[in-house]
Amino acid sequence: LLSALTLARRAATLPGPLHPEAVDAISFDSGFASPGIFPDLTRAAERALTTYRREALQYCLPFGLAALREWIAAYMRDDGVDVDVEDVMIVNGAKNGLDLICRLFAEEGDAVVVTAPMYFTAIPILRSFGLSFIEIPQDREGLDVKQLELRLQQRERDGLPPPKFIYDVTDFHNPTGITMSLDRRQALLRLAGDRSIPIVEDSPYRKLRFEGEAVPSLKALDRNGMVFAVGTFSKLIAPGLRIGWIGADRSMLRRIAQLKSDGGTCPLTQRIVLEFFKDDGLTQQLVRARTAYAAHRDHMVAALRRELPDVAFSAPHGGYYLWLKLPDGIDSGVLAHRAFEMGVSVIPGDAFFASNEPGSARSKGVPKHHLRLAYSYSTEQEIDEGVNRLSKAYHSLLS
Ligand SMILES: Cc1ncc(COP(=O)(O)O)c(C=O)c1O
């Protein structure tokens, strides 16, 4: 009976798993956090369930707990953003924030600007709204704004409407690790402002900088209220909390509040996070996370240079990922498959291109010579062992 049901178009395609079955592989694939950095939230949870019991176990209003919104507004102000509590809404993680922004703007058939490659979990979210993609490459300074301008001009000449928004990960981009330069940020804001195109700035790794100076966020540079800043505690505290936020003009947030269908983000978790902050938990947590991930990065970089000198990459100054360029003639899908057989899972780069639809003609032209490696989750020992297995897989393809 179930097979006779007519599903919505958005549910009709079911991508296969990246790997056929989970075995005991070392995982360089997903952006899981290192369990070693999870803080002890026991005291915070106890206070949430005793002192704040009535609030924590009740429905929460769509905007979230006022105290947490205040805290996030102050956190954003410290980062140069001119924001007030009214301009902050709590959501169930950054992905939920993106989903809500799509609900606000997207009609079936609209277009959205993304980078090529892009954060691959955002692809099915955007697709589920029937959005089509305007894919713009990046160079070392980030999204190529000149190319974007040319593409927008071409759309105008073709009589096509402008895109509904521009989606980008401006700091330690997933998967490329690139941080957009200040000049590029200003150019992007000028272009978007001239054409009244909102920008969704998804920046979960911003505070995970291991070295160098932070560049002001698009949201901090924005003078027109066109930037929707999507934030999350997933990469700083723990992804299982599912607490994120949208920082945007209050007039937009009021509309989004009407579209929120979750009965409010869990107030218990919001309160646990707040109680954790009261003990100055985040300051220590950031040190812990940066120290751990910088060490993981250094370890993986050293192992790759030692074992796979033919593979090109630049070490990012923060975030979770390395974006590898394989030598000519090596297909990343074949290598990922062989690596998995040898006990290490990695994601072939074509999965990060919105135009990649496995089995479809549209996938032609998608580059097949990149791999994304996450150094976040594995221990240093696993990193050594995993890179060794990857190297064996690579060399087996050469012979
Ligand atoms: C660019 C980007 N946005 C969002 C997320 C997920 O954030 P959340 O767990 O808050 O949904 C990730 C996690 O990998 C990410 O890399």
Side-chain angles (χ1 to χ4, degrees), residues 60-107 110-114 119 122 125-126 129 131 143 162-171 180 185-186 188-207 215-236 242-262 264-265 270 273:
C60 185
L61 294 174
F63 271 84
L65 295 186
L68 184 58
R69 294 167 62 209
E70 292 276 8
W71 192 95
I72 290 169
Y75 174 82
M76 291 176 76
R77 281 197 295 274
D78 275 355
D79 199 20
V81 182
D82 180 15
V83 71
D84 188 62
V85 61
E86 301 288 321
D87 308 310
V88 175
M89 170 186 276
I90 309 297
V91 295
N92 308 317
K95 285 189 275 279
N96 178 230
L98 178 60
D99 185 272
L100 287 165
I101 294 168
C102 287
R103 289 184 190 208
L104 180 69
F105 288 117
E107 301 282 7
D110 284 340
V112 63
V113 174
V114 296
Y119 167 47
I125 297 176
L126 299 170
F129 287 89
L131 289 165
L143 183 141
K164 278 302 176 71
F165 60 84
I166 299 164
Y167 170 77
D168 198 2
V169 178
T170 42
D171 298 289
M180 194 186 274
R185 289 176 196 235
Q186 283 163 335
L188 181 62
L189 283 165
R190 267 196 306 275
L191 180 68
D194 288 349
R195 291 164 185 265
S196 300
I197 305 172
I199 303 175
V200 178
E201 182 178 39
D202 181 9
S203 194
Y205 306 101
R206 182 167 172 79
K207 297 283 178 180
V215 187
S217 66
L218 290 175
K219 184 72 184 155
L221 298 167
D222 175 30
R223 296 288 164 265
N224 305 314
M226 292 297 274
V227 176
F228 288 65
V230 178
T232 178
F233 293 121
S234 285
K235 308 295 172 182
L236 307 181
R242 309 309 304 137
I243 299 286
W245 64 91
I246 304 175
D249 190 87
R250 61 196 69 182
S251 63
M252 294 288 116
L253 292 184
R254 263 186 238 127
R255 303 221 176 233
I256 291 179
Q258 295 176 340
L259 305 169
K260 216 169 181 283
S261 59
D262 55 8
T265 294
Q270 292 185 64
V273 168

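All values reported here derive from a predicted model rather than from experimental measurement.
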_Phe63 and its side chain to side chain contact (heavy atoms under 4.5 Å, CB included) partner, picked from Glu86, Lys260, Met89_ = Met89

*Can you say whether the rings of Phe105 and Phe165 are parallel (under 30°), tilted (30 to 60°) or perpendicular (over 60°)?*
tilted

*Please state whether the rings of Tyr75 and Trp245 are parallel, tilted or perpendicular, taking 30° and 60° as the class boundaries.*
perpendicular

_For Thr265 against Arg242, the heavy-atom pair lying closest together_ = CG2-O, 4.4 Å

Heavy-atom distance under 4.5 Å between the side chains of [X] and [Y], does that happen here?
X      : Y      : value
Gln270 : Trp71  : no
Leu126 : Val114 : yes
Val227 : Leu221 : no
Arg103 : Arg255 : no
Tyr167 : Val200 : yes
Val230 : Leu98  : no

*Going by atom types only, do Asp168 and Thr170 share a side-chain donor-acceptor pair under 3.5 Å?*
no

*asked:* Can you tell whether the side chains of Arg250 and Asp84 come within less than 4.0 Å, N to carboxylate O?
replied: yes

*asked:* Is it true that, when you exclude Asp82 itself, more than 12 heavy atoms of the residues, nucleotides or ligands shown sit nearer than 6.0 Å to its CG?
replied: no

